[in-house]
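Computed from a prediction, not measured in an experiment: that's the story for all the values here.
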Amino acid sequence: ISGIYSMKNELRKESLSYSTRMETLRQLGWDVAFHNSDSARMYLYQCIQLAEKNKNNLKIGSGYAYIGSSFFKTDDYDSALHYYEIAEKYFIKDTSFDARENVIVNRMSMGTVALQQGNHEKAINYYLQVIDNLTNSVSRNGANLLTAYANTGLVYNDLKQYEKALFYHKEAFNIGEKHPEELKKRAQVIMFVAMDYLNLKNFDSTLFYLNKAEKIVKKINENYFYSIFYGLRGRYYNDIKDYNGAISSSKEALAYSEKANQKFQKANALQQLGISYFGLNNFTESIRNYLPALSLYRQISDKTRELHTHSYLAKASANTNNYAEAVKYYQLYTSRGHSLPQAETKKKI
């Protein structure tokens, strides 16, 4: 937060050079996007206008790419992809090394949109290209290579290939250890490793990495990261059947996700609350949390988690003797199962 204030004060200086002003606006747009996407885009549009006056295609592209990321942070994936595509057009116009590298990183962002929309084959194609390019790049951009490995792990996680997910996340973790300045990326990767161990039911390792992540998340002190951390800890408590601990953590995640305007994390927190109350045999309260989770998953087109929530609602409804609702959700669960990645897609990947 202090960095944001200092950048705003910097912009008040009339003597500020064009290049410094433009870079400050760009960085401010990125940092503010974690708190307020609309304000972030205001700074980024100002950055783009300055870059257009000076015909700087690299900075114009960066501005649009950052706008894409601001939409991604609020789970507006179609808009994110739209701005990433605009950014690529400007990067390609520039022949510099930095522009070529930005094309690579921008395509990684497109891969992440594909991942969130459930297109695993497209996502992993982008990520592996990025890993190849960055591994052979003279710049050895550790932060971007870390992200590429981390995102590849997420694809395998979605496909329930947890050992492969752990392999790529450990690669990302090792790069992060060499770049202590990349605090936010390191925090995310450590939480990904914790998630992999949780999926593998290795609870001791899960707790080890959760505790490691907590220290960094507290240093960052941002709603976005707190929502991810407490959401993951809530799921950990659910998996070890400490339902009261899970409720406490998931409620923290819910509060932080609302502050950060994070629909995905909010939906996850609500779903975990539904699981906790189900575990405590409070089926009415379970349904009360599953329903808004289902609505949010539909809003962000997360077909995989929408499907799982149909299954949870079917079980909870049956336990309240509401068999008509149970049948309805069970039919939705079974009829839409074909939309999930099937064996042929997994084989291609």
Side-chain angles (χ1 to χ4, degrees), residues 101 104-105 107-109 111-116 120-137 139-220 224-240 249 264-265 268 304 341 345-349:
E101 193 159 85
I104 294 168
V105 175
R107 285 180 182 168
M108 181 160 63
S109 298
T112 305
V113 171
L115 172 61
Q116 290 300 118
H120 299 89
E121 194 176 345
K122 189 175 182 181
I124 207 160
N125 186 42
Y126 276 123
Y127 294 151
L128 294 180
Q129 282 182 37
V130 169
I131 288 171
D132 283 345
N133 279 288
L134 290 178
T135 302
N136 296 317
S137 169
S139 75
R140 297 280 186 259
N141 192 318
N144 291 327
L145 189 57
L146 179 156
T147 303
Y149 275 116
N151 289 348
T152 305
L154 290 178
V155 179
Y156 283 115
N157 191 288
D158 261 17
L159 294 171
K160 303 187 186 306
Q161 296 184 30
Y162 301 130
E163 291 285 0
K164 282 189 177 180
L166 181 61
F167 167 80
Y168 280 101
H169 286 149
K170 278 290 189 73
E171 288 289 316
F173 174 82
N174 292 336
I175 295 168
E177 291 296 283
K178 297 172 188 172
H179 295 273
E181 74 283 359
E182 294 290 343
L183 210 58
K184 291 178 181 178
K185 289 183 185 292
R186 285 177 61 220
Q188 286 182 311
V189 166
I190 293 168
M191 287 189 280
F192 292 158
V193 172
M195 178 175 65
D196 296 332
Y197 278 121
L198 186 55
N199 288 328
L200 291 164
K201 306 301 179 189
N202 184 333
F203 299 125
D204 289 342
S205 294
T206 302
L207 188 58
F208 173 81
Y209 281 98
L210 276 175
N211 290 337
K212 199 175 182 68
E214 186 174 17
K215 293 173 185 174
I216 301 179
V217 167
K218 284 182 174 176
K219 280 184 186 175
I220 297 168
Y224 177 76
F225 287 91
Y226 280 130
S227 71
I228 298 170
F229 171 76
Y230 283 111
L232 185 57
R233 195 164 76 173
R235 199 191 133 200
Y236 162 75
Y237 282 130
N238 267 337
D239 280 19
I240 64 170
S249 284
F264 178 71
Q265 295 302 336
N268 286 350
T304 303
T345 303
K346 290 184 182 181
K347 185 178 175 183
K348 285 181 184 177
I349 290 170

Min side-chain heavy-atom separation [X]-[Y] under 4.5 Å:
{"X": "Leu166", "Y": "Leu200", "result": "yes"}
{"X": "Thr152", "Y": "Ile124", "result": "yes"}
{"X": "Glu177", "Y": "Arg186", "result": "yes"}
{"X": "Leu115", "Y": "Tyr127", "result": "yes"}
{"X": "Gln129", "Y": "Asn125", "result": "yes"}
{"X": "Asp158", "Y": "Val155", "result": "no"}

(message) Would you call the rings of Tyr168 and Tyr156 parallel, tilted or perpendicular, taking 30° and 60° as the class edges?
(response)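 Tyr168 vs Tyr156 ring planes: parallel.
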(message) Please verify the inter-ring angle class for Tyr197 with Tyr209; under 30° counts as parallel, over 60° as perpendicular, anything in between as tilted.
(response)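 Parallel: the ring planes of Tyr197 and Tyr209 meet at under 30°.
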Could you tell me which non-hydrogen atom of [X] sits nearest to which non-hydrogen atom of [Y], and how far apart they are?
{"X": "Gly111", "Y": "Tyr126", "value": "CA-CD1, 3.4 Å"}
{"X": "Lys185", "Y": "Leu146", "value": "CB-CD2, 3.8 Å"}
{"X": "Ile228", "Y": "Gln188", "value": "CD1-NE2, 4.4 Å"}
{"X": "Gln265", "Y": "Ser227", "value": "CG-OG, 3.7 Å"}
{"X": "Ala150", "Y": "Ala172", "value": "N-CB, 3.8 Å"}
{"X": "Met191", "Y": "Leu232", "value": "O-CD2, 3.3 Å"}

(request) Check side-chain contact (heavy atoms from CB on, under 4.5 Å) between Ser109 and all other residues, then give those that pass, not counting sequence neighbours. (result)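 Listed in chain order: Tyr84.
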(message) Using the side-chain contact (heavy atoms from CB on, under 4.5 Å) criterion, which residues pair with Asn157? Sequence neighbours excluded.
(response)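 Scan of Asn157 (side-chain contact (heavy atoms from CB on, under 4.5 Å), adjacent residues dropped) gives Tyr162, Ala165, Met195, Asp196, Asn199.
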(request) Give a yes or no on this: more than 12 heavy atoms of other residues, nucleotides or ligands lie within 6.0 Å of atom NZ of Lys164. (result)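 For Lys164, atom NZ is not crowded (no more than 12 foreign heavy atoms under 6.0 Å).
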Pairwise distance [atom1]([X]) to [atom2]([Y]) - rounded to 0.5 angstrom:
{"X": "Phe203", "Y": "Tyr237", "atom1": "CZ", "atom2": "OH", "result": "13.0 Å"}
{"X": "Asn133", "Y": "Arg107", "atom1": "CG", "atom2": "CZ", "result": "8.5 Å"}
{"X": "Leu210", "Y": "Leu198", "atom1": "CG", "atom2": "CG", "result": "7.5 Å"}
{"X": "Thr206", "Y": "Asn211", "atom1": "OG1", "atom2": "CG", "result": "11.0 Å"}

(request) Go through the steps to decide whether Lys184 and Ile216 satisfy the test side chain to side chain contact (heavy atoms under 4.5 Å, CB included), and finish with yes or no. (result) CA-CA 8 Å; Lys184 291 178 181 178; Ile216 301 179; over 6 Å; no
(request) Output all residues satisfying ring pair (Phe, Tyr, Trp, His ring centres under 6.0 Å) with Tyr224, sequence neighbours left out; order by chain, then residue number. (result)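 In terms of ring pair (Phe, Tyr, Trp, His ring centres under 6.0 Å), with neighbours along the sequence ignored, Tyr224 is linked to Phe34.
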(request) Please list, chain by chain and in numerical order, all residues satisfying ring pair (Phe, Tyr, Trp, His ring centres under 6.0 Å) with Phe229, sequence neighbours excluded. (result)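 Counting only residues at least two positions away or on another chain, Phe229 forms no ring pair (Phe, Tyr, Trp, His ring centres under 6.0 Å).
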(request) Mind jotting down which residue pairs meet the salt bridge (charged side-chain N to carboxylate O under 4.0 Å, His left out) criterion with at least one end in residues 197-214? Sequence neighbours excluded, please. (result)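 Sorted pair list: Lys201-Asp239, Glu214-Lys218, Glu214-Arg233.
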(request) Return the set of residues passing salt bridge (charged side-chain N to carboxylate O under 4.0 Å, His left out) with Lys219 (not counting sequence neighbours), or none when no residue passes. (result)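 Partners of Lys219 under the salt bridge (charged side-chain N to carboxylate O under 4.0 Å, His left out) test: none.
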